[in-house]
Amino acid sequence: MMNTTPPPPAAPQPALPADAATPPVDCWRVGDVALGSRLLLGTAGYPSPRVLREAMLASGAQVFTVGLKRQLAAAGDNGFVQMIRATLREAGARLLPNTAGCATAREAVQLAHMARELYDTHWIKLEVVGDEYTLQPDAQELLLAARQLARDGFAVFPYCTDDLVVAKRLLDAGCPLLMPWGAPIGSGQGLLNPFALRLLRERLPEATLIIDAGLGAPSHAAQALEMGFDAVLINSAVSQASDPVRMAGAFAQAVQAGRGAHLAGVMARQDFAVATTPVTGTPLLIGHAP
């Protein structure tokens with residue numbers, strides 16, 4: 001006779017506490033903060049707060065930048081800040097204030113301290129521009145500001161060029177990472193100097209490097225990640241798109257694809273054709289047999 005007695009229920013597995021969640025395997029870090037998304041997103045220039053919020057969520061980003069000077073120019077209207085903070089909580093993301101618009105180290109340091117008070121974060125994206133046409137960073141003022149802010153306890157994210165010597169000095173100044181440009185801010189030209197960027201990546205293998213500025217298409221972001229850069233920061237490429245929300249999602253996919261390609265190992269380039277099916281030693285028949 002068949003035994004129809006049901007088996008005893010399996011013992012329930014103990015649930016892990018919320019704080020025991022492990023970070024993603026392929027994460028990158030800023031100090032003790034682990035981040036899974038390799039896309040950082042700016043918040044300027046969107047057609048409406050609603051579109052900005054939807055783009056933030058569609059991007060999957062965990063770090064969003066905001067310019068303090070723009071907030072000060074809003075004459076006390078903190079509706080934008082409230083919306084940003086609410087979306088950050090919804091997305092489980094962090095805010096990265098920036099010193100956009102500063103031309104001297106002194107001005108940037110003052111603005112960074114204001115940002116720390118206003119947003120309650122020691123993270124600061126340091127921008128000190130030396131040329132109004134190209135918006136190229138002023139290397140000397142940038143280094144002065146970076147040294148001071150590092151001494152003041154900030155985690156400094158310096159926007160810099162692809163100059164290897166300046167990059168080394170910024171790391172020596174205490175910056176936990178670097179943000180070299182791909183092209184001038186807002187130009188959408190992509191990676192204008194791949195040679196210099198590859199050299200930067202090769203010579204600073206342990207440094208966290210984030211391409212910042214100049215990217216215009218998701219393919220540009222994928223290229224940067226394929227080259228081994230840790231992340232990209234974009235703003236205009238999304239905010240100025242015809243459909244910013246869809247473009248934010250496209251960049252998220254491109255970053256994942258580029259990172260996957262880097263981990264998989266992109267094949268080496270050749271200056272000549274290499275047959276995928278070897279034919280050496282294979283008999284070649286011409287015409288018909290008699």
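Sequence positions, counted from 1, serve as the residue numbers for this chain. Note that the structure is a prediction, hence the values are computed from the model and not measured.
- Of the charged side-chain nitrogens involved, at least one lies within less than 4.0 Å of a carboxylate oxygen, so that R53 and E90 count as a salt-bridged pair.
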List the steps and the verdict of ring-ring contact (aromatic ring centres under 6.0 Å, His included) for F154 and W123. CA-CA 6 Å; F154 285 86; W123 284 14; over 10 Å; no

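- At a threshold of 4.5 Å between non-hydrogen side-chain atoms, the residues L39 and V232 count as touching.
- Proximity of R38 to D26: side-chain heavy atoms (C-beta onward) are separated by under 4.5 Å at one or more points.
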When you look at T99 and K125, which way does the side chain to side chain contact (heavy atoms under 4.5 Å, CB included) test go after all the steps? CA-CA 6 Å; T99 63; K125 179 173 181 275; over 6 Å; no

Output, in order, the C-alpha distance, side-chain angles, deciding distance and verdict of side chain to side chain contact (heavy atoms under 4.5 Å, CB included) for L149 and L126. CA-CA 9 Å; L149 290 173; L126 179 61; 3.9 Å; yes

Side chain to side chain contact (heavy atoms under 4.5 Å, CB included) between E107 and V128, worked out: CA-CA 9 Å; E107 183 183 13; V128 187; over 6 Å; no

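- Within the 4.5 Å cutoff, the side chain of L164 has heavy atoms near those of the L204 side chain.
- Taking OG1 of T121 as the start and CG of L96 as the end, the distance is 7.5 Å to the nearest 0.5 Å.
- Under 3.5 Å, the side chains of R85 and Q82 contain no donor-acceptor pair of N or O atoms.
- Rounded to the nearest 0.5 Å, atoms CD (E226) and CG (L263) are 11.5 Å apart.
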Go through it in stages, so that I can follow the logic: the residues are Q256 and R259, the test is side chain to side chain donor-acceptor pair (under 3.5 Å), and I'd like the CA-CA distance, side-chain angles, deciding distance and then a yes or no. CA-CA 5 Å; Q256 291 179 356; R259 178 62 179 174; over 6 Å; no

Assess whether ring-ring contact (aromatic ring centres under 6.0 Å, His included) is satisfied between H262 and F229, documenting all intermediate values. CA-CA 9 Å; H262 172 70; F229 284 85; 9.6 Å; no

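- Separating the CE atom in M247 from the OG atom in S242 is a distance of 7.5 Å, to the nearest 0.5 Å.
- Salt bridge status for E202 with R198: absent, with no side-chain N to carboxylate O gap under 4.0 Å.
- In this structure, M179 and C160 have side chains that are not in contact, with every pair of non-hydrogen atoms separated by 4.5 Å or more.
- I124 contributes atom CD1, which lies 11.5 Å from atom CG of D152 (distance to the nearest 0.5 angstrom).
- The number of heavy-atom neighbours closer than 6.0 Å to CD of Q270, taken from other residues, nucleotides and ligands shown, is above 12.
- Going from atom CZ of R116 over to atom CG of L68 covers 13.5 Å, rounded to the nearest 0.5 Å.
- Checked by atom type and distance alone, the side chain of S187 never pairs as donor or acceptor with a backbone atom of A183 at under 3.5 Å.
- Contact annotation: the side chain of L209 never approaches that of L177 to less than 4.5 Å [non-hydrogen atoms, C-beta and beyond].
- You'll find the side chain of M227 reaches within 4.5 Å of the side chain of L191, heavy atoms only.
- Within the 4.5 Å cutoff, the side chain of P97 has no heavy atoms near those of the M114 side chain.
- Looking only at side-chain heavy atoms (C-beta outward), L41 and L233 stay at 4.5 Å or farther from each other.
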